2 protein chains.
Amino acid sequence: MEDDLMTIRQMCDAFDVTPRTLRFYEAKELIFPRRNGQKRLYDRRDRGRLKLILRGKRFGFALEEMRQLLNLYDRGDAQEEQLTRTYEAARERLAQMERQRDELNEAIEELREQLEQGAEMMTAFRRPAA
Amino acid sequence: MEDDLMTIRQMCDAFDVTPRTLRFYEAKELIFPRRNGQKRLYDRRDRGRLKLILRGKRFGFALEEMRQLLNLYDRGDAQEEQLTRTYEAARERLAQMERQRDELNEAIEELREQLEQGAEMMTAFRRPAA
DNA sequence: CGTCGAGCTTACGTTAACGTAAAGCACTCT
DNA sequence: AGAGTGCTTTACGTTAACGTAAGCTCGACG
């Protein structure tokens with residue numbers, strides 16, 4: 001048994017992405033599938049990277065950020081500095097997300113207040129039931 | 001006293017936007033300043049609309065959405081239906097924002113967990129103090 | 001008279017992450 | 001042979017909300 005390779009379609013089904021997406025990530029040098037003739041074949045490593053990429057996206061990382069983080073690991077020497085950098089990138093992102101959440105909460109509160117005032121206006125404008 | 005008009009620069013200073021932004025909003029038919037020769041002059045109504053626009057932006061409304069909402073009011077007949085539509089648009093947006101906040105919170109939690117695991121890895125990799 | 005500053009118009013540039021043709025190869029089935 | 005399927009490459013299109021640059025006008029000021 002080789003390395004348990006998958007075609008592009010199998011990948012799409014497995015990860016719920018389009019072929020375009022996989023080719024795009026490849027063009028952006030985030031994954032490096034091998035070829036059989038001209039067809040792409042994805043191995044376990046490719047799947048691992050893709051999984052990390054998709055997870056990163058959920059966290060709001062841009063693709064370019066993910067590329068850099070992945071490349072840090074890929075030097076074979078996942079030494080302290082690399083790990084530290086990744087860790088710090090993640091902590092920074094976490095802080096960003098928390099700020100974003102706080103702003104969102106403020107906006108929600110503000111809008112909620114507006115709506116309450118609006119509700120009063122509504123009843124004021126409402127004509128007596130027919 | 002007329003209607004207490006302002007130049008584009010005064011508007012920019014007052015609302016902390018660029019001239020480009022005001023001209024852009026005008027091109028998109030969100031505000032309609034009058035002209036003195038070729039210079040724009042903004043009256044109280046323009047300022048009111050701009051204020052609503054910027055508030056809407058904070059709430060995450062797109063400009064096109066704001067245009068539609070503003071136009072509802074502008075028919076002179078701010079009747080029940082118009083108010084209702086605006087009210088519902090706002091409530092919908094509020095729901096969206098809450099969903100967005102919830103997703104963000106999930107992502108934050110997930111990332112936090114990852115980071116805790118990562119912290120363990122870090123200490124494992126750390127070599128004894130020099 | 002020259003030019004300076006403010007404002008104007010027109011119009012292309014930016015950014016991210018793909019979507020969407022268009023056209024061609026490689027196999028397989030019938 | 002023809003048709004169909006799956007994959008490929010190349011390359012332009014999309015979206016929002018402006019940024020930015022070029023070139024013109026107009027009134028004021030020294």
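The figures here come from the full heavy-atom set of this structure, side chains too, leaving out hydrogens, waters and symmetry mates. All chains are named by letter (A, B, ...) in the order of the sequence lines, taking the proteins before the strands, and each is independently numbered beginning at 1. The structure displayed is predicted, hence computed values, not measured ones.
- A donor-acceptor contact under 3.5 Å is not formed by the side chain of R23(A) with the base of dT9(D).
- Using a 4.5 Å heavy-atom threshold, the side chains of R40(A) and T7(A) count as separate.
- Atom CD in E65(A) sits roughly 14 Å away from atom C1' in dT15(C) (whole-Å rounding).
- Remark: side-chain polar atoms of R101(A) are not paired, donor with acceptor, to backbone N or O of R101(B) under 3.5 angstrom.
- Checking dC8(C), dT8(D), dG19(C) against the side-chain heavy atoms of T21(A) singles out dG19(C) as nearest.
- Atom CG in L30(B) sits roughly 13 Å away from atom C1' in dA16(D) (whole-Å rounding).
- Side-chain N or O atoms of R35(A) include none that pairs as donor or acceptor with a backbone N or O of L41(A) at under 3.5 Å.
- Straight-line distance from the CZ atom of F61(A) to the P atom of dA17(C): 13 Å, rounded to whole Å.
- One can place NZ of K28(B) at 8 Å from C1' of dA16(D), the figure rounded to the nearest angstrom.
- Remark: P of dT8(D) and CG of N36(A) are 11 Å apart, rounded to the nearest angstrom.
- For dT9(D), the OP1/OP2 oxygens have a side-chain nitrogen or oxygen of R35(A) closer than 4.0 Å.
- Between Y42(B) atom OH and dC8(C) atom P the separation is 6 Å, expressed in whole Å.
- An OP1 or OP2 oxygen of dC18(C) is reached within less than 4.0 angstrom by a side-chain nitrogen or oxygen of K57(A).
- If you take CE of M66(A) and P of dA16(C), they are 16 Å apart, rounded to a whole angstrom.
- For the residue pair Q96(A) and R99(A), no side-chain donor N or O sits within less than 3.5 Å of a side-chain acceptor on the partner.
- Here the nucleotide nearest the side chain of L63(A), chosen from dC18(C), dG24(C), dA17(D), is dC18(C).
- Of the candidates dT8(D), dG7(C), dC7(D), dC7(D) carries the atom nearest the R9(A) side chain, counting heavy atoms from C-beta on.
- Summarising the geometry, the separation between OH on Y25(B) and P on dA17(D) is reported as 8 Å, rounded to the nearest angstrom.
- Remark: T18(B) is not in phosphate contact with dC18(D), judged by side-chain N or O atoms under 4.0 Å from OP1 or OP2.
- An OP1 or OP2 oxygen of dG7(C) is reached within less than 4.0 angstrom by no side-chain nitrogen or oxygen of R40(B).
- In the set dT9(C), dA11(C), dA17(D), the nucleotide with an atom closest to the side chain of R20(B) is dA11(C).
- Few gaps surround CZ on R47(A); more than 12 heavy atoms of other groups in view lie less than 6.0 Å from it.
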